[in-house]
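Only one structure is covered here, and it is reproduced in the block below.
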Amino acid sequence: MIIYFVRHGESQLNALNMLHSRNYEDNPLTDKGRLEAAAAAFLLRRMGVKGPVFSSPLLRARQTARCIDPDFKVDHRLREIDMGEWELRRIEEIPFGNYLRDPVMHSPPGGEGMGSVAERMLDFINYARGLGARAVVAVSHWHPIATAIALIIGLPLSNIYKIRIGTGSITAIDLEIGDLLFSNLSPLRILRSLGFRDEEILAECNKVVS
């Protein structure tokens, strides 16, 4: 089976370069983020991906998941890493350098450690594997998705910041053979390159949730 990890579309605090991991009802998608969410839904349908859809409990992820399937299920294992004392601060205002170089040794002060994120993501992957579906879609965040990639390909968790996961991107992992099929695929860029107009892409989400 294949698990398709979708990073949520751009949120208001993403646009401000601020960290957010706690209040599940704050930080909605921007206009760009809604377009990215619609593009992800559009491309997954055109690829014929059918299966259960799960989402992080944070608002930006739920708004993205709703475009893909309004009957999505919330799974707390997919939530963002808890940023502790860095919550709601701009990245340029905090000593982020050591964390980028080695998030295993330098957890967010008062926040969640890499071991905890790895444990819950491995638990979700094993859960998805046991569903017996041909495909599973999981809407999450940069850190959990990068962690899942590292777990599958054997990349040291200290090196996950070498992985790029853009907003609205899709990453596919074949769980049967433990193989990364692709990562950081941008549905919006692909659809635009094929000549689809933004209005057409947005309509894909609107007709599903209306």
Side-chain angles (χ1 to χ4, degrees), residues 1-9 29 33-58 60-80 117-155 160 163-191 193-194 196 200-210:
M1 67 155 295
I2 296 175
I3 184 166
Y4 295 87
F5 283 105
V6 179
R7 186 182 175 193
H8 60 81
L29 297 177
R34 286 188 287 273
L35 182 58
E36 289 176 331
F42 193 119
L43 190 59
L44 286 169
R45 292 191 193 104
R46 295 309 186 274
M47 290 168 60
V49 176
K50 295 181 180 179
V53 177
F54 299 91
S55 174
S56 155
L58 277 86
R60 58 192 183 273
R62 288 185 282 117
Q63 289 179 324
T64 301
R66 191 169 292 114
C67 272
I68 301 168
D69 183 353
D71 294 323
F72 71 91
K73 296 178 175 60
V74 170
D75 193 307
H76 285 258
R77 288 170 291 193
L78 297 172
R79 68 188 183 276
E80 180 62 289
V117 180
E119 182 178 357
R120 57 182 165 89
M121 290 308 294
L122 183 58
D123 191 50
F124 179 81
I125 289 170
N126 289 332
Y127 168 75
R129 186 181 282 117
L131 290 175
R134 294 183 63 182
V136 169
V137 177
V139 182
S140 188
H141 308 266
W142 182 91
H143 206 290
I145 296 173
T147 299
I149 292 173
L151 291 170
I152 291 296
I153 68 174
L155 180 73
I160 65 167
I163 300 172
R164 178 169 171 76
I165 306 289
T167 54
S169 67
I170 302 175
T171 293
I173 296 173
D174 187 331
L175 295 184
E176 290 185 10
I177 59 176
D179 189 23
L180 177 65
L181 299 179
F182 57 80
S183 66
N184 198 37
L185 186 74
S186 173
L188 183 56
R189 290 174 62 185
I190 289 172
L191 293 172
S193 73
L194 293 174
F196 288 96
E200 294 178 89
I201 298 170
L202 279 171
E204 187 79 8
C205 178
N206 293 338
K207 71 182 181 183
V208 171
V209 301
S210 60

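All residue numbers in this chain count up from 1 along the given sequence. Note that these values count all heavy atoms, side chains included, but never hydrogens, waters or copies made by symmetry.
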Hey, could you give me the OG1/CE distance between Thr147 and Met121, rounded to the nearest 0.5 Å? 7.0 Å

d(Asp69 CG, Arg45 CZ) to nearest 0.5 Å is 8.0 Å

Just verifying a value: how many Å separate Ile170 CD1 and Leu44 CG, rounded to the nearest 0.5 Å? 4.0 Å

For Glu119, I'd like to know if atom CD has over 12 heavy atoms of other residues, nucleotides or ligands within 6.0 Å. no

Looking at His76 and Pro57, what are the two nearest heavy atoms and their distance? ND1-CG, 3.6 Å

For a 4.5 angstrom cut-off between non-hydrogen side-chain atoms, does His143 reach Glu80? yes

Counting C-beta onward and ignoring hydrogens, is there a side-chain heavy-atom pair between Ile173 and Ile153 closer than 4.5 Å? no

Can you check whether Phe5 reaches Ile149 side chain to side chain, under 4.5 Å on heavy atoms? no

Heavy-atom check, side chain of Ile152 versus side chain of Leu175, under 4.5 Å: yes

Decide if atom CZ of Arg134 counts as having more than 12 heavy atoms of other residues, nucleotides or ligands within a radius under 6.0 Å. no

Tightest non-hydrogen contact, residues Ser183 and Thr171, listed as CA-OG1, 3.5 Å

Using every non-hydrogen atom in the two residues, find where His8 and Thr64 come nearest and quote the distance to one decimal. CA-OG1, 3.5 Å

Interatomic distance, CD@Glu176 vs CZ@Arg129, rounded to 0.5 Å, equals 9.5 Å

Of all heavy-atom pairs between Met1 and Ala133, which one has the smallest distance, and what is that distance? CB-O, 3.1 Å

Are the side chains of Val53 and Tyr4 in touch, meaning some heavy atoms are under 4.5 Å apart? no

So, taking the atom named CG in Leu202 and the one named CZ in Phe42, what distance separates them when rounded to the nearest 0.5 Å? 11.0 Å

Separation of Ile145 CD1 from Asn184 CG (nearest 0.5 Å): 9.5 Å

Within the structure provided, determine whether His141 and Ile165 are in side-chain contact (heavy-atom separation under 4.5 Å). no

Of all the heavy-atom pairs spanning Cys67 and Ala37, show the shortest one and how long it is. CB-O, 4.0 Å

If you compare all heavy atoms of Ala39 against all heavy atoms of Pro187, which two are closest, and at what distance to 0.1 Å? O-CB, 3.4 Å

Using the side-chain hydrogen bond (donor to acceptor under 3.5 Å, both in side chains) definition, which of the options Arg60, Glu36, Arg7 pairs with Thr167? Glu36

So do the side chains of Leu78 and Pro144 get within less than 4.5 Å of each other, counting heavy atoms only? no

